[in-house]
Student: 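Questions regarding the structure given below will be posed in turn.
First listed ligand is number 1; within each ligand, the first listed atom is number 1.
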Amino acid sequence: METTLKLYNTLDNKIAPFVPNEPGKVRMYTCGPTVYHFAHIGNLRSYIMEDVLEKFLRYIGYDVDRVMNITDVGHLSSDADTGEDKMLKGAKREHKTVMEIAQMYTDAFFSDCAKLNIRKPDTVVPATSMIDDFIHMVQVLMDKGYAYFAEGNVYFDTSKLENYYTLTNHNQEDLNVGVREGVEEDTAKRNKTDFVLWFTKSKFEDQALKWDSPWGVGYPGWHIECSCISIKNLGEYLDIHCGGVDNIFPHHTNEIAQSEAYLGHKWCNYWFHVTHLNDETGKMSKSKGEFLTVSLLEEKGYDPIVYRLFCLQSHYRKPLLFTWDVLDNAKNAYDKLIKRIRALDKEGAVDAAALEEWRTKFAEAVAQDINTSSGLTVLYDVLKADLNGATKRAIIDDFDQVLSLNLLQAADTVPEEPAADDALVAWIEERIEARKAAKKAKDFAQADAIRAELAAKGVTIKDTREGTLWELN
Ligand code: AMP
Ligand code: ZN
């Protein structure tokens, strides 16, 4: 199968054929979570769509090497290097140490990912495990004249670059992050867009994690970790870098600045950004009371895979609005789809030519800038096609390498009979006892009324020598 992926690239805002640096091989980097709290389902929209991108690249024959960081230090409350470290905020909230928080939420993140069939990247690197490498990179940037030391911190000097704003998808308003959030401006910066590579003068007194460095005891800025972890694990030429759109500025803009200053050449060719999922109140936030997590979906009785389907029904660059009603629609669509697959006949030989033909159709659909909804349409077309059940099942299983919706697995699981809940069972038993007492007292009208009452709730009763048996219809 010869399929060329056409991918939208934030670097030039165009869709163009994807060509990796090395034929057949893709080096892909993903900004991982900041592990100070559970991931919300907005974060997970980004990871689901990045997972589809990775799996699709594999599906069309690439060998993919994917790396993800875990942000466990240095991500401050404001992306403009101000405010409290998010990790410390989490630790205070839960009366735990920063490292306990990091471990707990890293585990929670991968558990959520597993429930959504998001493959764990080949390499996962916590920022705190690479401090020496960050220090080395900052030192090189100092030596090359791209960084300066002022009032206790090391800053990247953005005026040293010809084109700091390489990622074009932003405007001046986005650049005023610090100002917009009403945070004090950092007077040590030579230019407004300069950013911290290494903090020693802590912006707050009680930063828990600190390391020795040539500039004094301190901790790394957030952006340096991704550049460094990526270059160390994937080399100097990166094919695809992923994240949510909020990462475009300043995070990814700063990653490009420091990586290219360090390397002396272009670093990454394709930037893949997922547009946000919003709820009805606007932007999703972890500070809102009941924020939307995978556990909350489960508590409300949804299989997390339904949320994956919901994401796949839309294009990753379109804004997506979450409501419980739209999730219900996705649940109904999933249940119906599984029923149709369950009804397929498993007998018969798989038509290999048809499988290949449908593989191509599916690949061509998804290849148009990861068009997952078109891919789903091809799946429905397979169900309608004139093919035997075994061939349809083989094709569906093949598509599921990319979709990861547990399609055959769910279809082959016999649905459980709806179980009566405890309160209902207690009520039925109480009514049966009341009927027995009525019969004993020869109050047959009352006994019949109770039988009717049970029947109205879908309960059929049968009197046997062993007593009264019941069944829920
Ligand atoms: P964080 O844990 O805050 O570092 O974010 C993890 C990932 O989720 C990043 O790639 C963000 O860009 C992305 N993200 C944050 N909010 C949303 C959202 N509402 N919808 C989609 N992706 C998001
Ligand atoms: Zn990053």
Student: Number the atoms of ligand 1 from 1 as they appear, then name those within less than 4.0 Å of a heavy atom of N247, with their elements.
Tutor: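 In order of numbering, the contacting atoms are 9 (C), 10 (O), 11 (C), 12 (O).
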Student: Looking only at N, O or S atoms, which one in H251 sits nearest to the Zn ion (ligand 2)?
Tutor: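 H251's closest N, O or S atom to the Zn ion (ligand 2) is named NE2.
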Student: Within a distance under 4.0 Å of any heavy atom of G243, pick out the atoms of ligand 1 and give their elements.
Tutor: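 Close to G243: 10 (O).
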Student: Identify, by atom number and element, the atoms of ligand 1 in contact range of S46, meaning under 4.0 Å from any of its heavy atoms.
Tutor: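 Listed by number with element, the hits are 13 (C), 21 (C), 22 (N), 23 (C).
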Student: Distance to 0.1 Å, residue and atom name: give those for the protein heavy atom nearest to atom 6 (C) of ligand 1.
Tutor: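 That would be Y47 OH, 3.2 Å.
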Student: Taking the six-membered ring where the residue is Trp, are the ring centres of Y302 and W324 under 6.0 Å apart?
Tutor: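 That pair passes the under 6.0 Å test.
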Student: Please state which protein non-hydrogen atom is closest to atom 10 (O) of ligand 1 and give its distance, to 0.1 Å?
Tutor: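 Going atom by atom, the protein heavy atom closest to atom 10 (O) of ligand 1 ends up being G244 N, 3.0 Å.
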Student: Of all the atoms in ligand 1, which lie at a distance below 4.0 Å from a heavy atom belonging to P33?
Tutor: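 Close to P33: 2 (O).
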Student: List the steps and the verdict of ring-ring contact (aromatic ring centres under 6.0 Å, His included) for Y316 and H273.
Tutor: CA-CA 8 Å; Y316 74 91; H273 290 110; 9.7 Å; no
Student: Indicate the ring-plane relationship of F156 and Y146, choosing parallel, tilted or perpendicular according to the 30° and 60° boundaries.
Tutor: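 Answer is parallel, since the angle falls under 30°.
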Student: Tell me, which protein residue and heavy-atom name are nearest atom 4 (O) of ligand 1, and how many Å apart are they?
Tutor: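 Among all protein heavy atoms, the one nearest atom 4 (O) of ligand 1 is T34 OG1, 2.9 Å.
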Student: Any idea which heavy atoms bring C226 and H251 closest together, and the distance?
Tutor: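 Between these two residues, the closest heavy atoms are SG-NE2, 3.4 Å.
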Student: Identify which of H40, M284, H252 has a heavy atom lying nearest to atom 16 (N) of ligand 1.
Tutor: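 Residue with the shortest heavy-atom distance to the ligand atom: H40.
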Student: Could you say whether the N/O atoms of V274 and ligand 1 ever approach to under 3.5 Å?
Tutor: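 Among all N and O atoms of V274, none is under 3.5 Å from an N or O of ligand 1.
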Student: Among all protein heavy atoms, pick the one closest to atom 15 (C) of ligand 1 and tell me residue, atom and distance.
Tutor: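 Looking at atom 15 (C) of ligand 1, the protein heavy atom closest to it is N43 ND2, 3.1 Å.
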Student: Is the W198 ring parallel, tilted or perpendicular to the W215 ring (thresholds 30°, 60°)?
Tutor: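 W198 vs W215 ring planes: tilted.
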Student: Write out the residue and atom name of the closest protein heavy atom to atom 21 (C) of ligand 1, then the distance separating them to 0.1 Å.
Tutor: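 Looking only at protein heavy atoms, the one closest to atom 21 (C) of ligand 1 is G42 O, 2.8 Å.
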Student: Report yes or no: is the cationic atom of R359 (NZ for Lys, CZ for Arg) under 6.0 Å from the centre of the six-membered ring of Y59, at an angle within 45° of the ring normal?
Tutor: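 Cation-pi check for R359 and Y59: passes.
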Student: Return the residue, atom name and 0.1 Å-rounded distance of the protein heavy atom closest to atom 19 (N) of ligand 1.
Tutor: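 Answer, as residue, atom name and distance: L277 O, 3.0 Å.
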Student: When you measure from the heavy atoms of H273 to every atom of ligand 1, does any distance fall below 4.0 Å?
Tutor: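 No heavy atom of H273 comes that close to ligand 1.
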Student: How wide is the angle at the Zn ion (ligand 2) between SG of C31 and SG of C226, to the nearest 10°?
Tutor: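 Centred on the Zn ion (ligand 2), the SG/SG angle is 130° (to 10°).
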Student: Angle between ring planes, Y307 versus F322, binned at 30° and 60°: parallel, tilted or perpendicular?
Tutor: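 Geometry flag for F322 against Y307: perpendicular rings.
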Student: Using the side chain to side chain contact (heavy atoms under 4.5 Å, CB included) rule, pick out the option among M87, Q103, K86 that qualifies with V35.
Tutor: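 Passing option: M87.
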Student: State, to 0.1 Å, how close M28 and L57 come at their nearest heavy-atom pair, and which atoms those are.
Tutor: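 So the minimum-distance heavy-atom pair works out to SD-CD1, 4.3 Å.
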Student: Identify the protein heavy atom lying closest to atom 12 (O) of ligand 1, giving its residue, its atom name and the separation to 0.1 Å.
Tutor: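 Minimum-distance protein heavy atom for atom 12 (O) of ligand 1 reads D246 OD1, 2.5 Å.
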Student: Return a yes/no value for R45: is any of its N or O atoms, backbone included, closer than 3.5 angstrom to an N or O of ligand 1?
Tutor: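 There is no such contact.
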Student: Check the angle between the aromatic planes of H136 and Y262 and answer parallel, tilted or perpendicular using the 30° and 60° thresholds.
Tutor: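 Taking Y262 first and then H136, their aromatic rings stand perpendicular (interplane angle over 60°).
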Student: Check whether any side-chain N or O of N9 sits under 3.5 Å from a backbone N or O of W271 as a donor-acceptor pair, and report yes or no.
Tutor: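 Yes; judged by distance alone, with no hydrogens or angles, the pair exists.
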